[in-house]
Protein chains: 2
Amino acid sequence: MARTGLTVERLTLAAAEMADEVGFENVTVSALARRFGVKDASLYFHLKSAHDLRVQVAMLALREMADGAADALAGRAGKDALVAFANAYRDYALRHPGRYAAAQLQLDRETAEASAARRHAEMTRAILRGYQLAEPDQTDAVRLLHGTFHGYVSLERAGGFRHTPRTTDASWSRTLDALDALLRNWPPQ
Amino acid sequence: MARTGLTVERLTLAAAEMADEVGFENVTVSALARRFGVKDASLYFHLKSAHDLRVQVAMLALREMADGAADALAGRAGKDALVAFANAYRDYALRHPGRYAAAQLQLDRETAEASAARRHAEMTRAILRGYQLAEPDQTDAVRLLHGTFHGYVSLERAGGFRHTPRTTDASWSRTLDALDALLRNWPPQ
DNA sequence: GGCGCTAGTCTAGACCCCCTAGGTAAAAAC
DNA sequence: GTTTTTACCTAGGGGGTCTAGACTAGCGCC
């Protein structure tokens with residue numbers, strides 16, 4: 001009956017590792033409890049619900065991604081910044097598939113506000129400073145960039161590109177070239 | 001003890017409607033059985049597993065989306081075709097959120113081959129014929145388009161754009177303008 | 001029209017997951 | 001050293017997945 005020393009942080013981290021190993025959808029309270037050699041009821045002292053656990057993992061992933069992106073952006077501007085940011089994003093998704101899946105969880109409004117989502121948006125806008133876009137073009141460009149990164153990576157993860165010989169690395173690099181060209185040459189209204 | 005006349009097709013359709021109503025993650029074999037006034041064990045005569053049911057819904061959604069896209073493309077070329085295709089895709093996702101979520105399910109290799117995924121790829125290439133891109137630029141462009149559509153729509157669905165006043169419709173339309181401009185002016189290697 | 005076959009549904013039950021209520025022991029506070 | 005709080009436990013209900021085996025409706029056939 002020794003105490004295990006569980007905390008929300010330890011549980012969240014273990015759940016994140018589990019997600020990367022067996023997939024986010026297989027992260028359950030029971031499995032997590034087994035991992036700590038503890039009854040599942042015990043975890044409810046630290047967690048509100050199974051959904052709460054998933055939200056915690058999602059927020060961890062968002063934080064980690066924002067941290068990585070911030071590092072990548074430091075001291076860069078223009079296309080350099082764009083490429084570094086995009087690569088940080090993609091690398092994280094490929095290295096941590098379970099965490100990345102968690103980050104796609106639908107968060108309710110307040111949770112989303114409290115998450116690192118705002119930092120992501122700010123960094124994207126920081127990148128765009130190198131391209132001198134006025135509003136509302138800037139907002140449109142933010143959405144385009146977010147959408148493109150997320151879409152490309154999630155299709156790549158899903159294996160959507162595997163039936164063509166061209167490597168996804170090469171396509172990715174050219175996609176970034178194309179986005180850079182597009183931002184430098186944003187079409188007039 | 002009258003026969004209900006269940007078939008895989010009827011079950012799949014009902015599950016798809018259920019997905020749009022209550023969310024894809026809440027589509028369960030039990031709930032589906034209740035909807036037909038039948039015990040859940042009965043459904044396992046028609047379905048291999050709960051996962052099988054979800055795969056069926058995913059393939060239905062992929063077929064429907066491909067049909068819609070094909071209609072939209074008929075008789076169009078160039079930017080017209082691009083816009084019609086993109087709108088068909090987005091409209092489907094917004095009108096059928098549960099089905100769209102199902103379409104994001106990770107399919108294993110053979111299932112994916114047997115799905116409408118190939119038709120999607122062919123149609124995307126058909127659009128690009130209006131822009132005269134040579135390989136491998138064409139492959140890169142296919143990936144960019146797929147990624148962008150999917151990413152934009154899934155972020156929109158997730159509410160990722162709601163904190164800015166600009167309407168997502170306007171951004172979407174400008175995104176399509178931007179993609180058209182990009183394809184007409186694909187950056188040289 | 002009875003006979004057998006197959007398809008479609010049922011009952012029963014095992015197992016896993018989520019979560020609550022209430023008990024109890026370890027650690028911390030005093 | 002007692003009290004309080006914290007952390008974990010047992011017990012148990014509810015729901016989802018799935019299997020084995022029983023039963024019956026309807027068909028094809030002599």
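Values below: every heavy atom of this structure, side chains too, minus hydrogens, waters and symmetry copies. Only a predicted model underlies this, so the values are computations on that prediction, with no experimental measurement involved. The sequence lines fix the lettering, A, B, ..., with proteins before strands; numbering per chain opens at 1.
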For [X] and [N], what is the distance between atoms [atom1] and [atom2] respectively, to the nearest whole Å?
{"X": "B:L47", "N": "C:dG8", "atom1": "CG", "atom2": "C1'", "value": "13 Å"}
{"X": "B:D52", "N": "D:dC18", "atom1": "CG", "atom2": "P", "value": "9 Å"}
{"X": "A:L6", "N": "D:dT6", "atom1": "CG", "atom2": "C1'", "value": "12 Å"}
{"X": "A:L11", "N": "D:dA7", "atom1": "CG", "atom2": "P", "value": "12 Å"}
{"X": "A:E9", "N": "D:dA7", "atom1": "CD", "atom2": "P", "value": "12 Å"}
{"X": "A:K48", "N": "C:dC18", "atom1": "NZ", "atom2": "P", "value": "16 Å"}
{"X": "A:K39", "N": "C:dC19", "atom1": "NZ", "atom2": "C1'", "value": "16 Å"}
{"X": "A:E25", "N": "C:dC16", "atom1": "CD", "atom2": "P", "value": "19 Å"}

Touch class at under 4.0 angstrom, heavy-atom based, for A:A50 against every strand present: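 If one applies the 4.0 Å heavy-atom cut-off, A:A50 turns out to touch the sugar-phosphate alone, with no base involved.
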I want to verify a distance call: between [options], whose nearest atom is closest to the [X] side chain?
{"X": "A:S42", "options": "C:dA12, D:dC8, C:dT9", "answer": "D:dC8"}
{"X": "A:Y44", "options": "D:dC9, C:dC18, D:dT6", "answer": "C:dC18"}
{"X": "A:S49", "options": "D:dA20, C:dC19, C:dT9", "answer": "C:dC19"}

Reckon B:H46 has a side-chain N or O less than 4.0 Å from the OP1 or OP2 of C:dT9?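 Answer yes for this pair, as a side-chain N or O of B:H46 is under 4.0 Å from OP1 or OP2.
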Any donor and acceptor pair, going by atom type alone, linking the side chain of B:R174 with main-chain N or O of A:P187 inside 3.5 Å?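 A pair under 3.5 Å: yes.
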Between A:F45 and A:A41, name the one whose nearest nucleotide on DNA chain D is closer to the 5' end.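 The answer here is A:F45.
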Under the salt bridge (charged side-chain N to carboxylate O under 4.0 Å, His left out) test, residues paired with A:R95 that sit two or more places apart: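 In terms of salt bridge (charged side-chain N to carboxylate O under 4.0 Å, His left out), with neighbours along the sequence ignored, A:R95 is linked to no residue.
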Side-chain atoms of residues 69-81 of chain B: list all donor-acceptor pairs with protein atoms under 3.5 Å, sequence neighbours left out, distances to 0.1 Å.
residue, atom, partner, partner atom, Å
B:R76, NE, B:A72, O, 2.9
B:K79, NZ, B:D177, OD1, 2.7

Under the rule for side-chain contact (heavy atoms from CB on, under 4.5 Å), what residues qualify as partners of A:T111, not counting sequence neighbours?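 Result, side-chain contact (heavy atoms from CB on, under 4.5 Å) vs A:T111: A:V55, A:M59, A:L107, A:D108.
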Check nucleotides 14-16 of chain D against the protein and report each pair of N or O atoms closer than 3.5 Å, with its distance, or say if there are none.
residue, atom, partner, partner atom, Å
D:dG16, OP2, B:R34, NH1, 3.3

Sequence neighbours left out, what pairs pass side chain to side chain donor-acceptor pair (under 3.5 Å) with at least one residue falling in residues 123-132 of chain A?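 Counting only pairs at least two positions apart or across chains, the side chain to side chain donor-acceptor pair (under 3.5 Å) contacts touching residues 123-132 of chain A are A:T124-A:H146, A:R125-A:E135, A:R125-A:Q138, A:R125-A:T139, A:Y131-A:D180.
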Look at the aromatic rings of A:H96 and A:Y92 and report parallel, tilted or perpendicular, splitting at 30° and 60°.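 Tilted.
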What pairs of donor and acceptor atoms, side-chain ones from residues 38-46 of chain A against any protein atom, are under 3.5 angstrom apart with sequence neighbours left out?
residue, atom, partner, partner atom, Å
A:S42, OG, A:K39, O, 3.2

